[in-house]
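Because the structure is a prediction, the values reported are computed rather than measured. Each chain gets a letter, A, B and so on, in the order its sequence line appears, and its residues count up from 1. Computation of the quantities below employed the complete heavy-atom set of this structure, encompassing side-chain atoms and omitting hydrogens, waters and symmetry-equivalent molecules.
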Amino acid sequence: MTRPAPLGAPVIEARGLERVFQMGGTEVRALRGVDLTVGRGEMLAVMGASGSGKSTLMNILGCLDRPTAGSYALDGVSVEGLSKNQLADIRNQRLGFVFQGFNLLPRTSALENVELPLLYDRSERELDTKGLAAAALERVGLADRMDHDPAELSGGQQQRVAIARALVTKPSLVLADEPTGNLDTHTTMEIMALFQELNAEGVTLLIVTHEPEISRYTQRIVELRDGRIIHDGPVRERGHALTDLQARADLEPASAR
Amino acid sequence: MKIGNLIGVAGASIFKNKMRTLLTMLGIIIGVSAVIVMVAIGAGAQGQIERQIQNLGTNMLVVTPGSTATGGVSLGGQSGSGLTVEDAEVLSSQSFLLSGVSPVISTFSQAVGGTGNWRAPILGVDVDYQVIRDWDVVQGEFFDETDVRTIRREVVLGNTVAENLFPNGDAVGQQLRLRDVPMTIVGVLEAKGQTAEGSDQDDVILVPYTTVQNRLAGRQFVSQILASAYSSDDVPAAQAEIQAILRDTHGLAPNEADDFTVRDQGELADAAQETTQVMTLLLAAIASISLLVGGIGIMNIMLVSVTERTREIGLRLALGAYGSDVMKQFLVESVVMSLFGGLTGVGIGYASSAAIATFTGWSTAVSVPTVLLALGFAGAVGVFFGFYPAKRAASLDPIEALRYE
């Protein structure tokens, strides 16, 4: 349904992105010309205070919204002029979403939650949706929790289910919007360790966050202010979440766990 | 989205919210069962009325003498004495469409016997009379052809006569005198009640017409001939046949008017049918309103459900669902709930009809077309009232929906 990605093309290639909202009589310019290129296998953090335009950028990169001006190509495929349904297909097959609030379906098992995006797959291929979902859950370390409802899972486990759901379609890009915003420090580091692992396996990750501790674990930080990129550079001392976790475990006695 | 997935998604949503599903279905359940019960009662009443009409006589035709005119002065209907026992015999032997023919010779007499005396109409009739009038004998038996042929002095009493002369219920076998002629009572008829005009049908004494002619009245003329067609569809043809045979028998020239009249019970039956049909329709209309209210209930809860599940809808859209997928999901949910509610309603309606029939003694009839109609209507209600909420769900903006608290 979607055109195949040209080999070697960057995952994200955005030029001069602008987004103007009409709020009553006034115009709100959420993005004022953003250029961004993200290569395959990158792990970057998009940072900024609230109102900086990072959510708007995330929505456009996630093909949930369209820019007022500028061009955006995902996997070398321009999304300009695509219909609502074509965008839905792109989201389904090329993108994975991880939300702050997990957004799992209640009263629905982890397995069925992860299976969900596969149910909306429109390519004619035959999919073993249950098998793929089970594999994704195994990948995030929840092989023994497949039949559990979200209500029976901890916050960290719920977010792992959400990550499995984002991975199950083998997307080109995983977009995570404040993925650790609802989690405590320890679980945050566990999730970041998982992200780093996935990234090491080649998953391209874009994490929207306002916490510097999170961005430490990525390779590159893009900072937005008032709809413009004010900083775009590599992380100087990249943290390793798993090592930090072990260090914390050594510092704190077992009772803290 | 594949159809199997669609049904799976909608089904999961229905079964995972049992309380909501039940509440949604409740309106349809009540509506459909109301329709089933109301129509069943209506149909039962209709059946009962039809039986009562049958009770007046099975596909009965009444031949009466026509008017006679003397010197240009018409003497009105039934003034002639143009019908004879022979006419009845000719009809009986020549017709193809009549299942029974009986002359009726009527007279009056004081009946003496049992506990006293009673003045009652005497009807001289043939054996077929019982069949034509669909009139059962509750005690003893009706006289048979031999009794008629051999001019036996036997009578069958109407219920009123039997009760007045033999209050102990031992009429059969007793003697009765009509105009000083002793008669044996061979049977007592089932009570038929009053006619529409208020005369008591049971106040009658039936005697073989031969006996009336020879022993009581001595008349050859009959007041009417009763006949019955094989089925109600045959009635018009039978009517024409009687007319043709009698005209021939009476030797009427083609330009001469009939000297008799043939009537059927059709008008009465039609009127009664119409009344019950109107009643059934009225009941169905009332019940349909409850089905409509049930449908609005579905829409109400579906709308609440769309609001409550805004984030879920946003998530589905973000994960690649088309607006049409979401729309279909909600429509399928709505239709499945209506149909399932409809089925439950049919079950409850069926049980209620049976219970009503048992406890009140009314006859109820649940018909297959009603069930199918009610189910079809329930499904249509699901589509109709599910459409707007589904449309609303499909038109949600995924960004807004995901942010919805």
Participant: Within the 4.5 Å heavy-atom criterion, are A:Leu119 and B:Leu6 side-chain neighbours or not?
Facilitator: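 No, their side chains stay 4.5 Å or more apart.
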Participant: Heavy-atom distances under 4.5 Å only: say whether A:Thr169 touches chain B with side chain, backbone, both or neither.
Facilitator: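 Neither part.
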Participant: Which residues in residues 299-314 of chain B have a heavy atom less than 4.5 Å from any heavy atom of chain A?
Facilitator: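 Contacts with chain A: B:Arg311, B:Glu312.
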Participant: Please round to the nearest 0.5 Å and tell me the distance separating atom CZ of A:Arg122 and atom OH of B:Tyr322.
Facilitator: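 Result: 4.0 Å between the selected atoms.
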Participant: Would you name the heavy atoms of A:Tyr120 and B:Ala321 that are closest together and state the gap between them?
Facilitator: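 Heavy-atom minimum between the residues: CE2-CB, 3.3 Å.
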Participant: Side chain of A:Arg91, backbone of B:Leu319: donor and acceptor closer than 3.5 Å?
Facilitator: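 No; judged by distance alone, with no hydrogens or angles, the pair does not exist.
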Participant: Identify each donor-acceptor pair in which a side-chain atom of residues 393-402 of chain B lies under 3.5 Å from a protein atom, sequence neighbours left out, and give them as a table.
Facilitator:
| residue | atom | partner | partner atom | Å |
| --- | --- | --- | --- | --- |
| B:Ser395 | OG | B:Lys391 | O | 3.2 |
| B:Ser395 | OG | B:Arg392 | O | 3.0 |

Participant: Measuring heavy-atom distances to chain B, does A:Glu112 have an atom under 4.5 Å in its side chain, in its backbone, in both, or in neither?
Facilitator: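 For A:Glu112, side-chain heavy atoms alone lie under 4.5 Å from chain B.
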Participant: Under 3.5 Å, which donor-acceptor pairs do the side chains of residues 160-168 of chain A form with other protein atoms, sequence neighbours left out?
Facilitator:
| residue | atom | partner | partner atom | Å |
| --- | --- | --- | --- | --- |
| A:Arg160 | NH1 | A:Val140 | O | 2.8 |
| A:Arg165 | NH1 | A:Asn103 | O | 2.7 |
| A:Arg165 | NH2 | A:Phe102 | O | 3.1 |
| A:Arg165 | NH2 | A:Asn103 | O | 3.4 |

Participant: Applying a criterion of heavy atom separation less than 4.5 Å, what residues of residues 15-31 of chain B form contacts with chain A?
Facilitator: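 Residues in range: B:Lys16, B:Asn17.
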Participant: How long is the span from the OG atom in B:Ser13 to the CG atom in A:Leu105, to the nearest 0.5 Å?
Facilitator: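 So the OG of B:Ser13 and the CG of A:Leu105 are separated by 9.0 Å.
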Participant: Is any side-chain heavy atom of B:Leu315 closer than 4.5 Å to one of A:Phe97?
Facilitator: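 Counting from C-beta outward, A:Phe97 and B:Leu315 never come under 4.5 Å.
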